[in-house]
Protein chains: 2
Amino acid sequence: MSDQNAQLSASLEDYLEAIFRIVSKKSAARGRDIAKALGVRAASVTGALRLLAERKLIHYAPYEVITLTPEGRKEAEKIIQKHEVLKGFFTTLLGLDEDMAEEGACRLEHGLAQPIMERLLAFTEFVQACPRCGEDWRSQFLDRCTARSKPPCAECLTGCQERLRRAATEVKDAVPQPLTEIQPGVKCVVKSIKNRRTVARRLIEMGVQRGTLVEIKRVAPLGDPIAVKVRGYHLSLRLEEAKSIEVVPA
Amino acid sequence: MSDQNAQLSASLEDYLEAIFRIVSKKSAARGRDIAKALGVRAASVTGALRLLAERKLIHYAPYEVITLTPEGRKEAEKIIQKHEVLKGFFTTLLGLDEDMAEEGACRLEHGLAQPIMERLLAFTEFVQACPRCGEDWRSQFLDRCTARSKPPCAECLTGCQERLRRAATEVKDAVPQPLTEIQPGVKCVVKSIKNRRTVARRLIEMGVQRGTLVEIKRVAPLGDPIAVKVRGYHLSLRLEEAKSIEVVPA
DNA sequence: GTCGTATCTTAGGGCTACCTAAAAATGAGC
DNA sequence: GCTCATTTTTAGGTAGCCCTAAGATACGAC
Ligand SMILES: [Mn+2]
Ligand SMILES: [Mn+2]
Ligand SMILES: [Mn+2]
Ligand SMILES: [Mn+2]
């Protein structure tokens, strides 16, 4: 008689996460896919599915395909947000390679408390948005990782001063433009969200505000669905929604 | 017949960590202390002690006091380094309070791979040593955590430029001084280590080099043992050892 | 030395999360 | 509609890690 309000174990979180990822691609998950994704035997999957169903996080009946309930989706998104925030920190700030970041994030995500994740996210966004940091700052750090013999960055200061001078005026003068004008791969900072009651409601619920970092991942050929990454979530916006978000490149 | 070369479980790591901390204070640990430190019952401690003894990490015989073997101490130090590196990142960069940092670090330490920990340590030290960052940079970040409505730091740029100009000359001209001249609480960067073969050998084995950050924790009245924190380790240096380390304040 | 309390160990049980082996269901091809 | 390969489930077992209850040991007070 497991308490269905209890916290999920690390293992069950991984099952839920895997189901979410499979469902995102194929609309429904089968036990086999889950077993392969997590590197366990099919028998172990059956057990986990029963536990998740007991907690009302998935729709599950023997021999049927598996889908997430609304609560299950919400839980999975929380886990994936932690995963993505950690991974983003590991790759963009620590400069670790994709694979190590991926594995490290999936191990740590389960123990990461919500408030710490929020701070880590804010920190990662801050460093990317702050004009004092930048590519030379980051490469200075990476140099120091490989050859620790260097003294702290006396050389990088001069280049920085120049860039700062430019940034000081640019930041003030930057003209906000709708998200639809931004090229894929570019990171930008939200300046304002129009139509708060209607189109942009989802964004606001997710914690996207003035100051939040948005990364454009993909723009579909005929413009319609725009894939963006915000606060660890990957989501696709309709053209209309994207138009009501004004940003400046970071 | 548990494989004694296998990785320690998170639970056993916590036992080992607790034993190290107790032994550091009282020279030997008793089951009771461990139980209290970890919030478990004495019966659970006995089981864990048997497992640690099987792996030759502690000296244990029923009803006797518990001490660490050299291998046990080495393992415990690795765990505590991870703990301290995470905690240092949480407090000094993310600005989290002591308690949350402590708890968060102790949850995450077990899943943190060595190379990620190294990077995180390097990053934390880099930010503290880099003259581009500083108190105003950090407080700018903390402002943004509490009130996310702010645009990215247009105001902090002017103050930064002034500080940069000063730093640019200071960094070049900074005169290295022996660690013994530094006041408690001050963080500084290692410039050189003299007598590499003899006194400073321990430090070099720990990975302390030119560029490493050292924090002075405490100087005993008559000068002799100086407590410092380097790379997540708390250690005490003899006056003689400390003299052979030349540093500049960060 | 005996007593009593604090401490530690043993015995037995629950829960999670894996496994293997074997049985059952599914469904595509004929 | 039957057959057979694939997938899923059941049954039964192991290991880790915690618990309670009860028995064993240690040690200071008398
Ligand atoms: Mn995971
Ligand atoms: Mn994950
Ligand atoms: Mn821990
Ligand atoms: Mn710890």
Side-chain angles (χ1 to χ4, degrees), chain A residues 1-19 22-23 26-55 57-67 75 79 106-107 109-111, chain B residues 1-19 22-23 25-67 75 79 106-107 109-111:
Chain A
M1 200 108 318
S2 65
D3 186 354
Q4 38 167 268
N5 281 358
Q7 287 279 86
L8 287 174
S9 66
S11 172
L12 288 184
E13 285 191 353
D14 275 340
Y15 279 102
L16 203 58
E17 188 187 350
I19 294 167
I22 293 166
V23 169
K26 315 213 292 191
S27 88
R30 289 173 322 147
R32 190 72 201 304
D33 307 325
I34 301 168
K36 200 162 61 177
L38 297 179
V40 298
R41 293 308 168 106
S44 308
V45 174
T46 303
L49 293 178
R50 260 206 306 255
L51 292 172
L52 290 173
E54 238 172 54
R55 288 173 160 82
L57 298 172
I58 60 172
H59 296 297
Y60 167 68
Y63 299 104
E64 307 268 294
V65 293
I66 298 136
T67 53
E75 276 304 310
I79 299 158
C106 213
R107 281 164 163 281
E109 66 196 1
H110 312 287
Chain B
M1 202 106 320
S2 66
D3 186 354
Q4 36 167 275
N5 281 359
Q7 286 279 85
L8 287 174
S9 67
S11 171
L12 288 185
E13 285 192 353
D14 275 340
Y15 279 102
L16 204 58
E17 188 187 350
I19 292 168
I22 294 166
V23 169
K25 293 222 168 115
K26 314 213 290 190
S27 88
R30 289 173 321 148
R32 191 70 201 306
D33 306 325
I34 301 168
K36 200 162 63 179
L38 297 179
V40 298
R41 292 309 166 104
S44 309
V45 174
T46 303
L49 292 179
R50 261 206 306 256
L51 292 172
L52 290 173
E54 239 171 53
R55 288 172 160 82
K56 304 223 168 50
L57 298 172
I58 59 172
H59 295 298
Y60 167 68
Y63 297 107
E64 307 269 294
V65 293
I66 298 136
T67 53
E75 276 305 309
I79 299 158
C106 214
R107 281 164 163 283
E109 66 196 0
H110 311 288

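Order of the sequence lines fixes the chain letters, A, B, ..., with proteins taken first and strands second; residue numbering starts at 1 for each chain.
Considering only the side chain of A:V40, C:dC19 comes nearest among C:dA17, C:dC19, D:dT8.
At whole-Å resolution of the value, CG in B:L49 and P in C:dT10 are 11 Å apart. Going from atom CG of B:L12 over to atom P of D:dG16 covers 9 Å, rounded to whole Å. Atom C1' of nucleotide D:dA11 and atom CZ of A:R50 are separated by 11 Å, given to the nearest angstrom. Between B:R30 atom CZ and C:dA6 atom P the separation is 12 Å, expressed in whole Å. Whole-Å rounding puts the A:I22 CD1 to D:dT7 C1' distance at 15 Å. Rounded to whole angstrom, the span from the OH atom of B:Y63 across to the P atom of D:dG23 amounts to 13 Å. As rounded to whole Å, 11 Å separates atom C1' of D:dC18 from atom CZ of B:R41. If you take CD of B:E64 and C1' of C:dC8, they are 12 Å apart, rounded to a whole angstrom.
The structure places CG of B:L16 at 8.0 Å from CD1 of B:I58, a figure rounded to the nearest 0.5 Å. Annotation: the span from B:I22 atom CD1 to B:K36 atom NZ amounts to 9.0 Å, rounded to 0.5 Å. One distance of note links CG of A:L52 with CD of A:E75; it measures 10.5 Å at 0.5 Å rounding.
DNA chain C is contacted by both A:P62 and A:S44; A:S44 maps to the nucleotide lying nearer its 5′ end (nearest heavy atom per residue).
Between A:Y15 and C:dC18 there is a side-chain polar atom (N or O) within less than 4.0 angstrom of OP1 or OP2. A sub-4.0 Å separation between OP1 or OP2 of C:dT9 and a side-chain N or O of B:T46 is present.
Nucleic acid contact for A:S9: sugar-phosphate only, since backbone atoms but no base atoms lie under 4.0 Å from a heavy atom of the residue. Within the 4.0 angstrom heavy-atom criterion, only backbone atoms of the sugar-phosphate kind lie near A:S11; the bases stay farther away. At a threshold of 4.0 angstrom between heavy atoms, the contacts of A:A48 with the nucleic acid are absent.
Between the A:D33 side chain and the A:R30 main chain, a donor and an acceptor come within less than 3.5 Å of each other.
When all heavy atoms of B:A29 and B:I19 are compared, the closest pair comes out as CB-CG2, 4.4 Å.
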